[in-house]
Amino acid sequence: MITSIGNNGRVMPTPSSTDPLLILSSTLQTAFEAVAGRAGIDPVIRPSEHADAQANGALALAKELGQSPRQVADAVLAQCAGLTDICSSIEVAGPGFLNLVFNNDFLAGLLKQVSDDSRLGIGKVTKRKVVIDYSAPNVAKEMHVGHLRTTVIGDSLVRMLTFVGHDVIRENHIGDWGTPFGMLIEHLLDLGETKAAEHLSLGDLDGFYKQARAKFDGDEAFQDRARSRVVLLQGGDDETRRLWKLLVNLSTQHFNAVYELLGVLLTDNDLMGESAYNDLLPQVITRLDKLGLLQQSDGADVVFPPGYTNREGDPLPLIVQKGQGGFNYATSDLACVIDRIDRLNADLLLYVVGAPQAQHLSMVFDVARMAGWLNEPNEAVHVAFGNVLGSDRKMMKSRSGDPLKFIDLVEEAVTRADESIASKNPNLPEAERKVIAQMVGIGAVKYADLSTDRVRDYVFDWERMLSFDGNTGPYLQYAHARICSIFRRAGIERESVRNITPNLVEPQERELAIKLLAFNAAVIDTIDKYSPHRLCTYIYELATTFTAFYEHCPVLKAEDENIRQSRLALCDLTARVLNQGLALLGIETPEQM
RNA sequence: GCCCUCGUAGCUCAGCUGGAUAGAGCAAUGGACUUCUAAUCCAUCGGUCGCAUGUUCGAAUCAUGCCGAGGGCGCCA
């Protein structure tokens, strides 16, 4: 099954789609075009509160045709005689809307198609080579809540992009280079390698960093040592490189432990730290110079991309080589663009980086375009996210006060989940409960982060994150667990009901069917905007629609065997979509909780 | 001073490719459990969609200007 995306990023309907709204859209388009007497009319199909769907196209077309919207709607309706296999009812309503009610057999047939499809109706898209830059913790620094966002959002985008058929390259651009390493290496030497290794392997990266920083700030002799150590490091001195590598390895071990605990896909193979681009940096300058883009400003080498100004209203430069001759992050970000496009042949570069970097990245992309390194159809996108705020609504900065350590956060979430499960389901053996608590606790943390619009600031709240009510991970997992429980209790294999075409009678059954068939659209929309919260909203709506069905439509106690079989099929498909949807967010679904 | 993002119910958030009466959850109130796991469901309560003007048949959604919050603005990354 192929769902193609047009160059406007929107989904174009294809006959093989299992999305009833798409099918309706392409079918009604013909009717609208017949009335308009020209091609390219959008019927403007939307979900509706007054019917299963509504077509708003008549209102827009009325002016062009010099008729009233209701006249246009009536004319379109007259063209829809052949639609009876899709819609059981079409009527004109209000100022000129077409209210459409789907034929039950049509919906049931689509459900069967989705059920027969291991991809649950999610089509593959035209393949692109995508490089996604996310997580990016700093060596010898603790991962904190800020890293949580980029890591969790990036991981979920990786899963979705891969699933729809893109070739995805993960890059973890760790901060493993630059001036702080002078002081870090000198501090390592002061402590002694063995003691430093013990210190760092305990995961107390911040303590190590702070000690080094304190010495640097208060001790001039140490400052001198640190500065000359940086020179040695950048000059490629063997012993210095060895010590540097030691620091990097100890840190990445810690990162890997966190990634594994979180169930994030990043591994050592994805490491592409700043140091990896070191050899490319001089080239960036020479190439910009050859292109005539390089200018001198206050002793630094800079490029002036148009459209940026500083406080005084003067053109704002992107500094690519400092007055002292050193490179900075602009240089290395430009090297990244070159490397990702030239060496990796990527055509889409995603940067899951905090919103405060917007101007910097925008300038880097502009300079890359000016230099001809980034051309259509290749594109770079800043997948920006907002700050993590405390309950006081102030930014949670690692500097000020006590930073919330990543690992402590996850452990507390798991502990709380464990306590909840123990109290709600005391018969569950402890070993099983521990496994489930891990899924629930970590799922809660991830879902809390993913379920709000990423560009907005995010209020970090223990209570809400771990609450088992409302739009939370545990609620969704619970809906899934309840379905599994039905099958477990009845001793029925899930696979055994997959040859059944459901019979949709009750309103809750129809609602559930329509929601299930919207999965593909939700995933495509989520990817189109790089906004996981859209998928979260869909899954939450699916779960609430399911629980309404669950309350109103008895499954195992259904009045006859056909209804029972039909409802079992609906349950199974719902569980599969919940499971797949949450999997695309990087969240696991326990079978009981 | 300039630029960017955000402003929706008491709280936390959806909705923003313009469509009918703006939706959830939490909190508050009232119901439904010898259960297909009540970690749930149903109902009630709660909103000048920051303000104003404009575009349009139609604006929470688009444009412009204000107000408020946060962020960014030359050698940290």
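Heavy atoms only: backbone and side chains are in, while hydrogens, waters and symmetry mates are out. Each chain gets a letter, A, B and so on, in the order its sequence line appears, and its residues count up from 1.
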Minimum side-chain heavy-atom gap S485(A)-Q592(A) below 4.5 Å
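A side-chain contact under 4.5 Å is absent here.
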Using 0.5 Å steps for rounding, measure from the CH2 atom of W244(A) to the OG atom of S275(A).
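Result: 3.5 Å between the selected atoms.
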Going from CD on E511(A) to OG1 on T544(A), what distance comes out if it is rounded to the nearest 0.5 angstrom?
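Answer for the CD-OG1 pair, E511(A) versus T544(A), is 10.0 Å.
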Counting distance only, does the side-chain N/O of H147(A) pair as donor-acceptor with the main-chain N or O of H144(A) below 3.5 Å?
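The answer is yes, because a donor-acceptor pair under 3.5 Å joins these two groups.
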What's the closest nucleotide to the side chain of [X] if the choices are [options]?
X	options	answer
Q359(A)	rA77(B), rG19(B), rC73(B)	rC73(B)
Y550(A)	rG71(B), rA20(B), rU37(B)	rU37(B)
I319(A)	rC75(B), rU40(B), rC42(B)	rC75(B)
Q54(A)	rU40(B), rG19(B), rU12(B)	rG19(B)
D453(A)	rA14(B), rC42(B), rG19(B)	rA14(B)
D469(A)	rA20(B), rU40(B), rU37(B)	rU40(B)
L59(A)	rA14(B), rG1(B), rG19(B)	rG19(B)
T537(A)	rA14(B), rG72(B), rU37(B)	rA14(B)
R488(A)	rA77(B), rU37(B), rC42(B)	rU37(B)
Y478(A)	rU40(B), rU56(B), rG19(B)	rU40(B)

Using a cut-off of 4.0 Å on non-hydrogen atoms, how would the nucleic acid contact of [X] be classed: base, sugar-phosphate, or nothing?
X	value
Y540(A)	sugar-phosphate
E541(A)	nothing
A60(A)	base
S297(A)	base
A300(A)	base
C484(A)	nothing
T309(A)	sugar-phosphate
Q324(A)	nothing
D298(A)	base
G313(A)	nothing
L316(A)	sugar-phosphate
A479(A)	nothing
I483(A)	nothing
A330(A)	nothing

Could you tell me the separation between the [atom1] atom of [X] and the [atom2] atom of [N], rounded to a whole number of Å?
X	N	atom1	atom2	answer
R46(A)	rG58(B)	CZ	C1'	14 Å
E64(A)	rC57(B)	CD	P	14 Å
K515(A)	rG23(B)	NZ	P	14 Å
H360(A)	rG72(B)	NE2	P	14 Å
E274(A)	rC76(B)	CD	P	14 Å
H533(A)	rU12(B)	NE2	C1'	14 Å
F304(A)	rC75(B)	CZ	C1'	12 Å
L361(A)	rG72(B)	CG	P	14 Å

Who does [N] pair with, Watson-Crick or G-U, both distances under 3.5 Å?
N	value
rA27(B)	none
rG74(B)	none
rA63(B)	rU53(B)
rG68(B)	rC6(B)
rU34(B)	none
rA22(B)	none
rG47(B)	none

Please tell me if [X] has a side-chain N or O lying less than 4.0 Å from either OP1 or OP2 of [N].
X	N	value
R456(A)	rU12(B)	no
K322(A)	rC75(B)	no
R482(A)	rA39(B)	no
Y475(A)	rA24(B)	no

Residue closer to the 5' end of RNA chain B, H50(A) versus N328(A) (nearest nucleotide)
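The residue mapped nearer the 5' terminus is H50(A).
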Which residue lies toward the 5' end of RNA chain B, P315(A) or P474(A), if each is placed at its nearest nucleotide?
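It is P474(A), whose closest nucleotide lies nearer the 5' terminus.
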For rG74(B), measure the glycosidic angle (O4'-C1'-N9-C4 for a purine, O4'-C1'-N1-C2 for a pyrimidine) and name it syn if it falls within 90° of 0, otherwise anti.
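Glycosidic conformation of rG74(B): syn.
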What pair of heavy atoms forms the shortest contact from M593(A) to N425(A), and how long is it?
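Reported closest heavy-atom pair: O-ND2, 2.7 Å.
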To check you understand the geometry: which heavy-atom pair defines the closest contact between D449(A) and R149(A), and what is its length?
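Scanning both residues completely, I find the closest heavy atoms to be OD1-NE, 2.7 Å.
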Within residues 560-569 of chain A, residues whose heavy atoms come under 4.0 Å of RNA chain B:
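Heavy-atom cutoff 4.0 Å gives no residues at all.
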Chi angles and distances behind the side chain to side chain contact (heavy atoms under 4.5 Å, CB included) call for L334(A), Y277(A):
CA-CA 10 Å; L334(A) 285 168; Y277(A) 301 92; over 6 Å; no
One pair to check against ring-ring contact (aromatic ring centres under 6.0 Å, His included): Y329(A) and H360(A). What are the steps and the verdict?
CA-CA 10 Å; Y329(A) 74 139; H360(A) 164 74; 3.8 Å; yes
Could you walk me through whether D560(A) and R564(A) pass the salt bridge (charged side-chain N to carboxylate O under 4.0 Å, His left out) check?
CA-CA 6 Å; D560(A) 75 55; R564(A) 181 179 139 112; over 6 Å; no
Does a sphere of radius 6.0 Å around CD in E432(A) hold more than 12 heavy atoms from other residues, nucleotides or ligands, not counting ones at 6.0 Å or beyond?
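Correct, the count exceeds 12.
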Check if the side chain of D333(A) and the base of rA77(B) share a donor-acceptor pair of N or O atoms closer than 3.5 Å.
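Result: no qualifying N/O pair found.
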Aromatic ring proximity Y478(A)/Y475(A), centre distance under 6.0 Å:
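Here the rings of Y475(A) and Y478(A) have centres that are no less than 6.0 Å from each other.
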